[in-house]
2 protein chains.
Amino acid sequence: MTDTARGTSRRYGSRPTMKDVAARAGVGLKTVSRVVNGEPGVTPDTERRVQDAITALGFRRNDSARILRKGRTASIGLVLEDLADPFYGPLNRAVEEVARDHGALLINGSSAEDPAREQELVLALCARRVDGLVIIPAADDHRYLEPEIAAGVATVFVDRPAGRIEADTVLSDSFGGARDAVAHLIAHGHRRIGFLGDQPRIHTAAERLRGYRAAMAEAGLPVDEAWVSLGSTAPDRVRFAATAMLDGPRPVTALFAGNNRVTVTAVRVLAERPRPVALVGFDDFELADLISPAITVVAQDAARLGRTAATMLFRRLDGVDGPPRREEIPTRLIPRGSGELPPPAGS
Amino acid sequence: MTDTARGTSRRYGSRPTMKDVAARAGVGLKTVSRVVNGEPGVTPDTERRVQDAITALGFRRNDSARILRKGRTASIGLVLEDLADPFYGPLNRAVEEVARDHGALLINGSSAEDPAREQELVLALCARRVDGLVIIPAADDHRYLEPEIAAGVATVFVDRPAGRIEADTVLSDSFGGARDAVAHLIAHGHRRIGFLGDQPRIHTAAERLRGYRAAMAEAGLPVDEAWVSLGSTAPDRVRFAATAMLDGPRPVTALFAGNNRVTVTAVRVLAERPRPVALVGFDDFELADLISPAITVVAQDAARLGRTAATMLFRRLDGVDGPPRREEIPTRLIPRGSGELPPPAGS
DNA sequence: GTCGCGTTTGACAACGTTGTCCAGAGGTTA
DNA sequence: TAACCTCTGGACAACGTTGTCAAACGCGAC
């Protein structure tokens, strides 16, 4: 078994080139190129000789050289916040699926919510000459992308808008979703509702807060600022904030959690308490229906976000011009029980 | 004015090169290269002129050309089964983290459990001349990789072993984990235990089945073949199989689910039944502790799998030779309740 | 003034591929 | 037999970068 592998005694790390194949097959360089790329104008006999040489040498075309020559890389970059966040899994997958349909590879990386790291990653991708970029931004100033975009790197922002530049964008309807969620709680009798959100500099967090306030205002309900807490989604912070709202001087009877990570912590906090507290979470998650009470959520369609963004990107790459477009993906309230709990009697 | 205009009005899609920068700065090509790469031997004055030209033109080094010239791409490929599967999120993240520490980019894609697609993807990555590959195999024959490995592409297999070639491998202890899980159920009084697994051609599924049989045998318990069902993890199939075991002539009193997707479906099936059935799942998942009863699981450390594999890969890239290594990552049984249910009285 | 030495700089080839263009073989027609 | 076409195959330049090597320069010492 191993001796066959050793049979080809090439120098470790250096691979045969078309030139080697041509020499071995006794044909010209361009003929090999033609065979490799399935171009016409090669007799079956010549083609067979070349194919034999290719397998014998273990030749594989060097795409770096090809890219250099052709100018297009057939790859796109995806920069997201955290590869491990389950919310981005389907999005990632959807983008890859569309890329694959267009014969492109996907290069990706996480920014870890760090603007500097986002920029570093994006520019590294640009240096690789990706044809396009799908970005879930962590930064709030994307002017550093201007030269790249001017040079023809198609760019689409997803989930959050670009900062200080005009660009194609695909967003969930965070405002509307949050308003629906809070209206749902109000419809079930709640008056004192807490909002647990992500850091305020994140666009979606701000939008969801805006939706919360809008729903409260539409119902004529005052908002005690002690009911609003934005910040890191670290469990400790969320736990602390939730507890403060629930045990404060004007305790809330319901919570609206601004994203999946916050919801998970909120569920844990509420599970430890004797009396049930209503909860609606932004983002759906697996098994939300099996917890008791089942968790009512505002679901985003992450796969559709990704698919839409990638499709938009390839449309640009296909040469569709025009001003930056912004597409909004609707959210969907899924009542499951936790949002339908009435406030405790006498509150 | 004219040269400014010429500078800004580049043809859309074509970027300035070092040659353009050199012309504008009034220096030689190599001097620009030196500045871009921070090489010594450039006077501060010259360097400033070059830097100015770079920003004015929006120059960014073309890494395709650089790669072609240097031979190393500073990128590694990760091929996994499904980017959207939450189990692979932390693994993906861990690999990226290690890659980043080594200054490498991560290119990835999903095989969708399709051997042909895996091969296509892997070879595309080889054509890009990735320095190394981390593969979660879908195929069971990897001889197609022999020329690539011989040519110096470092390769590490994770989660499942390579087929028909020798290669570095990092695995979870599926056998031991499954045996622990089933032994746990037996210790709580169960005698008739069902196994719901993934397709038998998948190594981990086979190993877990082996663990199941080992635990049963060690306890001197016979296995009714109606208690064993391997196949697709599609919810319909799992539901059907589980129902058959629970309602069959010799009904099981406990289930062991072979992976996270199966566990989720099993939880749903059991939730619909009047009397509780014990369950242990392979793979931990979020909120497993909040379902009632909380789900007992055998947890794999996906992040550690990824970290170990990537570290092994870069060690090879750093020139460490030697025979293929196989590393095994232990699993951990997390008792939460669902595995501690006793069998119904009189069974 | 010239020599030697170290530093800064640039000309040029090479990396492996593809596009352009031309040469020669073979066949058809006048 | 010459003129003309078609079809296959190959020579060569170019893509944008980096490594090699040598030229040009400044400067102190003889």
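Note on naming: letters A, B, ... go to the chains in the order of the sequence lines (proteins, then strands), and numbering restarts at 1 for each one.
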Quiz item: Which is true for B:Ser64 with a 4.0 Å heavy-atom rule: it touches a base, it touches only sugar-phosphate, or it touches nothing?
Solution: nothing

Practice problem: Output, in order, the C-alpha distance, side-chain angles, deciding distance and verdict of salt bridge (charged side-chain N to carboxylate O under 4.0 Å, His left out) for B:Glu327 and B:Arg304. | Solution: CA-CA 11 Å; B:Glu327 208 147 320; B:Arg304 187 167 154 200; over 6 Å; no

Check this for me: does any side-chain nitrogen of one of [X] and [Y] sit under 4.0 Å from a carboxylate oxygen of the other?
X        : Y        : value
B:Asp45  : B:Arg48  : yes
A:Arg15  : B:Glu148 : yes
A:Asp168 : A:Arg316 : yes
B:Arg49  : B:Asp52  : no
B:Arg129 : A:Asp63  : no
A:Glu113 : A:Arg160 : yes

Dump the pairs, protein N or O against N or O of nucleotides 24-27 of chain D, anything under 3.5 Å, distances to one decimal.
none

Self-check item: Under 4.0 Å protein heavy-atom contact, by nucleotide of nucleotides 14-20 of chain D - B base, S sugar-phosphate only
Solution: BBBBBB-

Quiz item: Between A:Ile54 and A:Val36, is any pair of side-chain heavy atoms under 4.5 Å apart?
Solution: yes

Exercise. Indicate yes or no: at least one non-hydrogen side-chain atom of B:Arg93 is less than 4.5 angstrom from one of A:Ser110.
Key: yes

Exercise. Give the ring-plane orientation class for A:His142 versus A:Phe157, where under 30° counts as parallel, over 60° as perpendicular and anything between as tilted.
Key: perpendicular

Self-check item: Any A:Thr43 side-chain N or O less than 4.0 Å from OP1/OP2 of D:dC7
Solution: no

Exercise. Would you indicate, yes or no, if D:dG10 has its OP1 or OP2 atom less than 4.0 angstrom from a side-chain nitrogen or oxygen of A:Thr31?
Key: yes

Practice problem: Quantify the bending of the helix from C:dG1-D:dC30 to C:dA30-D:dT1 as the angle between its end axes, each fitted on five pairs, to 10°. | Solution: 70°

